[in-house]
Amino acid sequence: MVSINHMKLAIAEAREASQMGEVPVGAVIVNSVNGAVLSSHGNRVESYKDPTAHAEILALREAARLMQTPRLKNCDIYVTLEPCAMCAKAISLARIRRLYFATEDRKGGGVENGSRVFSHKSCNHKPEIYVGIREEESQDLLRKFFKERR
């Protein structure tokens with residue numbers, strides 16, 4: 001069951017990331033059994049000087065540490081922007097049950113656009129995918145962020 005509140009938290013993480021000069025993307029991982037939030041992060045690529053410090057990767061790392069397993073079978077992830085290929089593959093490897101994302105990324109996406117990671121034969125696990133939750137809010141954050149940098 002989709003939770004608007006979980007995407008609201010992801011958007012709050014994206015806003016915080018934006019205020020730090022990061023691309024405004026937020027991710028939240030939720031235990032699908034009881035609805036508890038396990039982790040939430042925004043992008044930290046610039047802050048950490050780490051090209052892999054995407055919101056999804058940071059949230060996956062924390063949730064796996066808390067659950068003490070690399071397989072998050074009973075977990076869902078909420079993301080403000082379509083995951084890139086790296087993050088999509090990490091979501092697959094983590095065995096995430098459902099992926100919810102607010103808006104597509106026609107340039108850098110790896111789920112519905114670009115490399116479409118989950119459609120490859122080599123992809124062992126494909127989560128259920130839901131798109132468009134709080135889409136306008138996420139798009140507005142991204143537009144504002146990039147407009148200020150041009």
Write down the atom of [X], the atom of [Y], and the distance for their closest heavy-atom approach.
X	Y	answer
A27	V79	CB-CG2, 4.2 Å
V111	A88	CG2-CB, 4.0 Å
P83	L99	CG-CD1, 4.0 Å
L141	A14	CD1-CB, 4.0 Å
A94	L60	CB-CD2, 3.8 Å
P24	F145	CD-CG, 3.4 Å

Pick from T52, I57, V25: which one makes a side chain to side chain contact (heavy atoms under 4.5 Å, CB included) with C87?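 Exactly one option meets the side chain to side chain contact (heavy atoms under 4.5 Å, CB included) with C87, and it is I57.
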
More than 12 heavy atoms from other groups under 6.0 Å of [atom1] on [X]:
X	atom1	value
K8	NZ	no
E148	CD	yes
R149	CZ	yes

Do M7 and V30 share a hydrophobic cluster (ILVMFWY, side-chain heavy atoms under 4.5 Å, transitive)? yes

I29-V131 co-clustered via ILVMFWY side chain contacts under 4.5 Å: yes

Within this structure, what is the NZ-OG distance for the pair K73 and S32, rounded to the nearest 0.5 Å? 12.5 Å

Tell me, do [X] and [Y] make a side-chain contact under 4.5 Å, heavy atoms counted?
X	Y	value
L38	C75	yes
R134	I11	yes
L9	Y78	no
E56	I77	yes
V28	V37	yes

Without swapping roles, check the side chain of [X] against the backbone of [Y] for a donor-acceptor pair under 3.5 Å.
X	Y	value
S92	C123	no
E128	R97	no
R116	E112	yes
N43	V45	no
S138	E135	no

Compute whether any side-chain donor of one residue and acceptor of the other, for E62 and H41, lie under 3.5 angstrom apart.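 Side chains of E62 and H41: pair found under 3.5 Å.
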
Check: E82/T103 side-chain N/O donor and acceptor closer than 3.5 Å: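 No, T103 and E82 have no side-chain donor paired with an acceptor closer than 3.5 Å.
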
Presence of salt bridge, E16 and R44, under 4.0 angstrom: yes

Salt-bridge contact R15-E137 (side-chain N to carboxylate O under 4.0 Å):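 A salt bridge is present here (some side-chain N lies under 4.0 Å from a carboxylate O).
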
Hey, does the Lys NZ or Arg CZ of R98 hover above the aromatic six-ring of Y100, less than 6.0 Å from the centre and inside 45° of the axis? no

List the steps, then state whether side chain to side chain contact (heavy atoms under 4.5 Å, CB included) holds for I4 with I133. CA-CA 7 Å; I4 301 299; I133 304 118; 3.7 Å; yes

